[in-house]
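We're numbering straight along the sequence, starting at 1. Just so it is clear, the structure is predicted and the values come from calculations on it, not from any experiment.
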Amino acid sequence: MNLIGDVKGKVAIMVDDMIDTAGTIVKGAALLHQEGAREVYACCTHAVFSPPAIERLSGGLLQEVIVTNTLPVAEKNYFPQLTILSVANLLGETIWRVHDDSSVSSIFL
């Protein structure tokens with residue numbers, strides 16, 4: 001695990017496509033704290049959350065874990081730092097634009 005740059009006293013935001021067992025993201029959070037980050041947040045698109053992810057993510061290294069609902073998160077996998085964002089409006093708008101033969105990429109501008 002390597003860190004490029006100075007994080008001392010700063011808020012660090014880690015972004016990944018998915019969190020499965022949370023080993024990598026928690027190791028990254030530990031390194032950021034070790035290097036002086038004031039707070040560490042983790043974000044991902046797909047919350048797979050295979051064991052022991054919940055124990056790792058709720059262990060106190062992360063201020064907040066923000067995920068989308070592209071995969072259902074079982075209620076037993078909820079923990080205090082977890083925030084789940086819905087992709088429903090994004091998918092609905094995308095379907096509408098495809099049907100209307102409008103630009104999909106302009107959603108992200």
Side-chain angles (χ1 to χ4, degrees):
M1 190 77 41
N2 296 304
L3 177 65
I4 298 171
D6 177 28
V7 296
K8 189 172 184 174
K10 297 180 180 171
V11 175
I13 302 171
M14 300 170 48
V15 180
D16 206 346
D17 60 339
M18 70 176 193
I19 298 175
D20 190 358
T21 63
T24 303
I25 207 143
V26 168
K27 284 179 186 173
L31 177 60
L32 288 163
H33 278 292
Q34 179 183 329
E35 295 296 320
R38 185 167 39 96
E39 294 178 344
V40 179
Y41 292 80
C43 309
C44 82
T45 304
H46 311 293
V48 179
F49 290 171
S50 300
I54 304 310
E55 292 79 17
R56 288 176 173 167
L57 294 169
S58 61
L61 287 173
L62 296 161
Q63 185 76 23
E64 187 174 8
V65 178
I66 304 165
V67 302
T68 68
N69 65 347
T70 58
L71 297 173
V73 178
E75 209 168 305
K76 67 177 181 150
N77 289 336
Y78 287 15
F79 54 97
Q81 300 92 333
L82 181 64
T83 299
I84 302 172
L85 303 177
S86 176
V87 296
N89 288 338
L90 178 64
L91 292 177
E93 181 66 21
T94 301
I95 291 166
W96 179 256
R97 287 174 184 239
V98 168
H99 174 75
D100 199 37
D101 201 26
S102 299
S103 171
V104 173
S105 60
S106 65
I107 294 173
F108 304 101
L109 300 177

Determine whether L91 and W96 satisfy the following criterion, side chain to side chain contact (heavy atoms under 4.5 Å, CB included), listing intermediate values before the conclusion. CA-CA 9 Å; L91 292 177; W96 179 256; over 6 Å; no
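- For I4, the CD1 atom sits in a loose shell: 12 or fewer heavy atoms of surrounding residues, nucleotides or ligands are nearer than 6.0 Å.
- Using a 4.5 Å cut-off on side-chain heavy atoms (C-beta onward), Q63 and V40 make no contact.
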Going through the checks in order, is the side chain to side chain contact (heavy atoms under 4.5 Å, CB included) test met by Q81 and S58? CA-CA 7 Å; Q81 300 92 333; S58 61; 4.0 Å; yes
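- Residues V73 and Y41 do not share a hydrophobic cluster, clusters being chains of Ile/Leu/Val/Met/Phe/Trp/Tyr side chains in contact below 4.5 Å.
- With hydrogens and angles disregarded, no donor-acceptor distance shorter than 3.5 Å links the side chain of R97 to the backbone of V104.
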Should C43 and I13 be marked as a side chain to side chain contact (heavy atoms under 4.5 Å, CB included) after you check the CA-CA gap, both sets of side-chain angles, and the distance that decides it? CA-CA 7 Å; C43 309; I13 302 171; 4.0 Å; yes
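- Rounded to the nearest 0.5 angstrom, E39 CD and E64 CD are separated by 10.0 Å.
- With rounding to the nearest 0.5 angstrom, the CD1 atom of I107 is 5.0 Å from the CD atom of E93.
- Looking at heavy atoms from C-beta onward, L71 lies out of side-chain contact with F49 at the 4.5 angstrom threshold.
- Side-chain atoms of T21 and V48, non-hydrogen and from C-beta on, never get closer than 4.5 Å to each other.
- For the side chain to side chain contact (heavy atoms under 4.5 Å, CB included) criterion with I25, the lone passing option out of D20, L61, I19 is I19.
- In this structure, I54 is not a member of the same hydrophobic cluster as I66, with clusters built from ILVMFWY side-chain heavy atoms closer than 4.5 Å.
- Residues C44 and V15 fail the side-chain proximity criterion, which asks for heavy atoms closer than 4.5 Å.
- Between atom CG of residue L85 and atom CG of residue L90 there is a gap of 11.5 Å, rounded to the nearest 0.5 Å.
- Within the 4.5 Å cutoff, the side chain of E35 has heavy atoms near those of the L31 side chain.
- Formation of a donor-acceptor pair under 3.5 Å by the R38 side chain with backbone atoms of K8 is not found in this model.
- Checking T45 against D17 by side-chain atom types alone, no donor-acceptor pair falls below 3.5 Å.
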Apply side chain to side chain contact (heavy atoms under 4.5 Å, CB included) to residues L62 and L57 and explain how you reach the verdict. CA-CA 7 Å; L62 296 161; L57 294 169; 3.7 Å; yes
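- With rounding to the nearest 0.5 angstrom, the CD1 atom of I84 is 10.5 Å from the OG1 atom of T70.
- Side chain of N69 to backbone of V87: a donor-acceptor contact under 3.5 angstrom is found.
- In the hydrophobic clustering of ILVMFWY residues, with side-chain heavy atoms under 4.5 Å counting as a link, Y78 and V65 come out together.
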